[in-house]
Amino acid sequence: MSRKSRNLIKLVAIIIILVLVFMELGIIAIPALATYKFWLSVIAFAMALLASR
């Protein structure tokens with residue numbers, strides 16, 4: 001995996017986590033994602049783990 005693709009995967013994971021944090025704080029509301037908060041955080045963690053190798 002190239003450095004560019006690793007950085008892109010890390011960026012996507014960070015964006016997912018930021019959206020989840022903002023949803024938890026009530027700053028933004030995306031009702032379709034509200035039920036999947038846990039799984040989105042698991043996916044973001046897995047993406048960050050994959051990109052760190």
Side-chain angles (χ1 to χ4, degrees):
M1 189 181 318
S2 70
R3 180 179 215 129
K4 187 176 182 179
S5 61
R6 285 184 187 182
N7 287 338
L8 183 63
I9 291 172
K10 286 180 187 177
L11 179 65
V12 171
I14 290 170
I15 290 171
I16 291 172
I17 293 298
L18 284 175
V19 167
L20 291 174
V21 167
F22 288 150
M23 284 175 60
E24 190 67 31
L25 293 175
I27 296 173
I28 61 172
I30 305 173
L33 296 180
T35 57
Y36 301 112
K37 284 182 190 177
F38 173 75
W39 291 112
L40 285 173
S41 63
V42 169
I43 290 169
F45 178 74
M47 289 171 65
L49 187 64
L50 178 70
S52 68
R53 292 185 177 199

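Every value quoted in this text rests on a predicted model; they were computed, and no experiment measured them. Position 1 is the first residue of the sequence; numbering continues from there. Quick note: numbers below take in every heavy atom, side chains included, and nothing from hydrogens, waters or symmetry partners.
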Tell me the salt bridge (Lys or Arg N to Asp or Glu O under 4.0 Å) pairs involving residues 41-50, sequence neighbours left out?
none

With sequence neighbours left out, write down each residue that passes side-chain contact (heavy atoms from CB on, under 4.5 Å) with Ser2, or none if nothing qualifies.
Lys4, Ser5

Quick one: side chains of residues 31-38, donor-acceptor pairs under 3.5 Å with protein atoms, not counting sequence neighbours, listed by atom name and distance.
| from | atom 1 | to | atom 2 | distance (Å) |
| --- | --- | --- | --- | --- |
| Lys37 | NZ | Glu24 | OE1 | 3.2 |

Shared ILVMFWY cluster between Leu25 and Leu40, side chains joined below 4.5 angstrom?
yes

With rounding to the nearest 0.5 Å, note down the distance linking CG in Leu20 to CD1 in Ile28.
8.5 Å

Honestly curious: do Val12 and Ile30 fall in one hydrophobic cluster under the side-chain, below-4.5 Å linking rule?
yes

If Ile, Leu, Val, Met, Phe, Trp and Tyr residues are connected whenever their side-chain heavy atoms lie under 4.5 Å apart, and connections chain through other members, are Leu11 and Phe45 in the same group?
no

Should Ile27 and Ile16 be counted in the same cluster of Ile, Leu, Val, Met, Phe, Trp and Tyr side chains packed under 4.5 Å apart?
yes

What residues form a side-chain contact (heavy atoms from CB on, under 4.5 Å) with Ile9, not counting sequence neighbours?
Met1, Met47, Ala51

Closest approach of Ser41 and Ile17, non-hydrogen atoms and distance?
CA-CD1, 4.3 Å

Closest non-hydrogen atom pair, Ala13 against Ala48:
CB-N, 4.3 Å

CD1 (Ile43) and CG (Leu50) are apart, to the nearest 0.5 Å, by 13.0 Å

The complete set of side-chain hydrogen bond (donor to acceptor under 3.5 Å, both in side chains) pairs with one or both residues in residues 10-23, sequence neighbours excluded, reads none

